[in-house]
Engineer: 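Mind looking over this structure? Questions follow.
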Amino acid sequence: MIRVQEEDFDIGAEIAALTEGKTAIGGVATFTGLVRDMAPVDGSDQPVSAMTLEHYPGMTEKKLAEIEAEANRRWPLDGSVIIHRYGRLEPGDLIVLVACASAHRQAAFDACQFLMDWLKTDAPFWKLEDTDAGGVWVETRATDDAAAARWNQTPESE
Amino acid sequence: MIRVQEEDFDIGAEIAALTEGKTAIGGVATFTGLVRDMAPVDGSDQPVSAMTLEHYPGMTEKKLAEIEAEANRRWPLDGSVIIHRYGRLEPGDLIVLVACASAHRQAAFDACQFLMDWLKTDAPFWKLEDTDAGGVWVETRATDDAAAARWNQTPESE
Amino acid sequence: MKILYFAWMRQRIGLSTEAVELPADVTTVDDLIDWLIGRGDGYAAAFEKRDVIRSAVNQDYVPFDHPIKDTDEIAFFPPVTGG
Amino acid sequence: MKILYFAWMRQRIGLSTEAVELPADVTTVDDLIDWLIGRGDGYAAAFEKRDVIRSAVNQDYVPFDHPIKDTDEIAFFPPVTGG
């Protein structure tokens, strides 16, 4: 299940909905991304007062659905959720939730990491941070590209 | 923070408490374990109507605190939670929650997996499953030992 | 053809979307970029770092040698930073 | 000495905890197991799979050659299955 929305979400309620009535699930791995109050600008950390998330309506939903389907092909999941917010957010606000349920702990963890890594490099979102120096567009990090690249190899089986 | 308790817990509330006021956190990785309705007994899957978790009061808290401290030594965490229940549980009930908060996504994921792997092999809990054939003590899985053993190497840096 | 711009490309061009009539000799994404750059300073600034820009045709990522036609929806944007 | 038993060891012995006076020649966990086995069939059944059993002295895992003394809390249990 994927959702692209401006509103906040409730992690506990999302996990409860994901596992509701599915008693074959052994575990749920999640990752929740939050807005940080500091960000590197020209090499030094600067305070961030707010962040605006821009996205490409239509393509975003399409890419998220593709990424989710790929995770379900690679791992034996009993359910998955990707929720990504857009619009104006403040430090501490939730940005993204990825949750993967599986009978197998390692599958749930791996699928969750895979989804986060691909979200970072493939989902059409752009972050504009409000700093003392004005609005600064967040730049791609080389570590994110490297994290996504590792999944191009055959995933490890449990 | 560690808790060993008979009562249920609220995942969303636990994550909110973990991140409250800490706006340097970039993300939170979690794993939630649930009671499954089927379990392997003598090589074939049997329905499980309930599970009773026995533990060693005192030693449990001690081991969980040690494991959590070790995770905080290995990774730059801004907070962590381990909650493990004991007593009688039914399929779909929550057993365990591990949550790790960090400015770094990979650190949060790795620490969360480390904690789950060590919980499986080091925390003094024993599971008795109610099946049609009576009460069956859950046996250790070789995959759990292997999963824990991988952390004896130097953890990967991000 | 519908063209969309995002993030700092949108800011530099001053438009989030526009409809254009493609000249006959514009048949790939690369051709389109060259043609857009010729339309003004904002476009030139937006496409300055041509190596880092990503393009999508009908909401799928494509390389710059991808063919385009007048009924396509094409988007240009900087590297994505979601998650 | 306080001894605790868990899971199927507790069931086979029929006790979750007991207090014993150690004979003078029982100085390690291994000695204690030998001595307990001699106390009855329940103990013998509980310690039958000696290889798989784990022991803790004062709530820390120890190998069977670990020394013990009368003021220790010692626990015996099958491999743990939490998480």
Side-chain angles (χ1 to χ4, degrees), chain A residues 9-16 18-39 45 47-49 78 90-106 108-110 112-114 116-117 119-120 141 143-144 146-147 150 157-158, chain B residues 9-16 18-39 45 47-49 78 90-106 108-110 112-114 116-117 119-120 141 143-144 146-147 150 157-158:
Chain A
F9 51 82
D10 176 334
I11 302 167
E14 296 299 338
I15 295 176
L18 178 65
T19 57
E20 178 69 37
K22 296 188 209 155
T23 43
I25 292 174
V28 181
T30 75
F31 187 85
T32 309
L34 296 93
V35 181
R36 293 174 61 181
D37 60 0
M38 298 291 278
D45 267 10
V48 171
S49 57
D78 293 303
E90 295 186 353
D93 282 353
L94 307 183
I95 302 174
V96 61
L97 172 70
V98 167
C100 295
S102 177
H104 305 283
R105 176 166 97 257
Q106 194 61 49
F109 269 122
D110 287 348
C112 190
Q113 288 201 61
F114 168 84
M116 278 306 303
D117 288 345
L119 274 181
K120 292 266 175 193
R141 297 185 310 167
T143 52
D144 285 333
R150 65 184 160 159
S157 57
E158 191 180 1
Chain B
F9 51 83
D10 176 335
I11 301 167
E14 296 299 337
I15 294 176
L18 179 64
T19 57
E20 177 70 36
K22 296 187 210 155
T23 43
I25 292 175
V28 181
T30 75
F31 187 85
T32 308
L34 296 92
V35 181
R36 294 174 60 180
D37 60 359
M38 298 291 279
D45 266 10
V48 171
S49 57
D78 293 304
E90 296 186 353
D93 282 353
L94 306 183
I95 303 173
V96 62
L97 171 70
V98 167
C100 295
S102 177
H104 305 283
R105 176 166 97 256
Q106 194 61 49
F109 270 122
D110 287 348
C112 190
Q113 288 202 62
F114 168 84
M116 277 307 302
D117 287 345
L119 274 181
K120 292 266 175 193
R141 297 185 310 169
T143 52
D144 285 333
R150 64 184 161 159
S157 56
E158 191 180 3

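Quick note on labels: first sequence line is chain A, next is B, and so on, each numbered from 1.
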Engineer: Considering all heavy atoms of both residues, which atom of A:Ala24 and which atom of B:Arg36 are nearest to each other, and what is their separation?
Structural biologist: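 Heavy atoms only, the tightest pair is O-NE, 3.4 Å.
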Engineer: With a 4.5 Å cut-off on heavy-atom pairs, point out which of A:Met38, A:Gln113, A:Lys120 contacts chain B the most.
Structural biologist: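 Answer, by heavy-atom pair count under 4.5 Å with chain B: A:Gln113.
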Engineer: Going by side chain to side chain contact (heavy atoms under 4.5 Å, CB included), B:Thr23 matches just one of A:Asp37, A:Val35, A:Val48. Which one?
Structural biologist: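 Option passing the side chain to side chain contact (heavy atoms under 4.5 Å, CB included) with B:Thr23: A:Asp37.
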Engineer: List the atom of B:Ala108, the atom of A:Phe31, and the distance in Å for their closest heavy-atom pair.
Structural biologist: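 Where B:Ala108 meets A:Phe31 most closely, the heavy atoms are CB-CE1, 4.3 Å.
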Engineer: Highest number of heavy-atom pairs under 4.5 Å with chain A: which of B:Ile11, B:Ile15, B:Ile95, B:Thr30?
Structural biologist: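 Sorted descending by pairs with chain A, the first entry is B:Thr30.
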Engineer: Under a 4.5 Å heavy-atom cutoff, which of B:Gly27, B:Ala103, B:Gly12 has the most pairs with chain A?
Structural biologist: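 So the answer, after comparing B:Gly27, B:Ala103, B:Gly12, is B:Gly27.
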Engineer: Relative to chain B, which of A:Gly26, A:Gly21, A:Pro91 shows the most heavy atom pairs under 4.5 Å?
Structural biologist: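 When all of A:Gly26, A:Gly21, A:Pro91 are compared, A:Gly26 has the most.
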Engineer: Can you tell if the side chain of A:Cys112 reaches within under 4.5 Å of the side chain of B:Phe109, non-hydrogen atoms only?
Structural biologist: yes
Engineer: For B:Lys22, is it the side chain, the backbone, both or neither that has a heavy atom under 4.5 Å from a heavy atom of chain A?
Structural biologist: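 B:Lys22 has no heavy atom closer than 4.5 Å to chain A.
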Engineer: Go through B:Arg105 and A:Asp144 one step at a time and tell me if the side chain to side chain contact (heavy atoms under 4.5 Å, CB included) criterion holds.
Structural biologist: CA-CA 10 Å; B:Arg105 176 166 97 256; A:Asp144 285 333; 3.1 Å; yes
Engineer: Is it the side chain or the backbone of A:Asp93 that comes within 4.5 Å of chain B heavy atoms, both, or neither?
Structural biologist: neither
Engineer: Checking B:Thr19 against chain A: side chain, backbone, both or neither under 4.5 Å from a heavy atom?
Structural biologist: side chain
Engineer: What heavy-atom pair brings A:Leu34 and B:Ile25 nearest, and what distance separates the two atoms?
Structural biologist: CB-O, 3.8 Å
Engineer: Heavy atoms only, distances under 4.5 angstrom: which of B:Ala99, B:Ala147, B:Ala29, B:Ala16 has the most pairs with chain A? Name it, please.
Structural biologist: B:Ala29
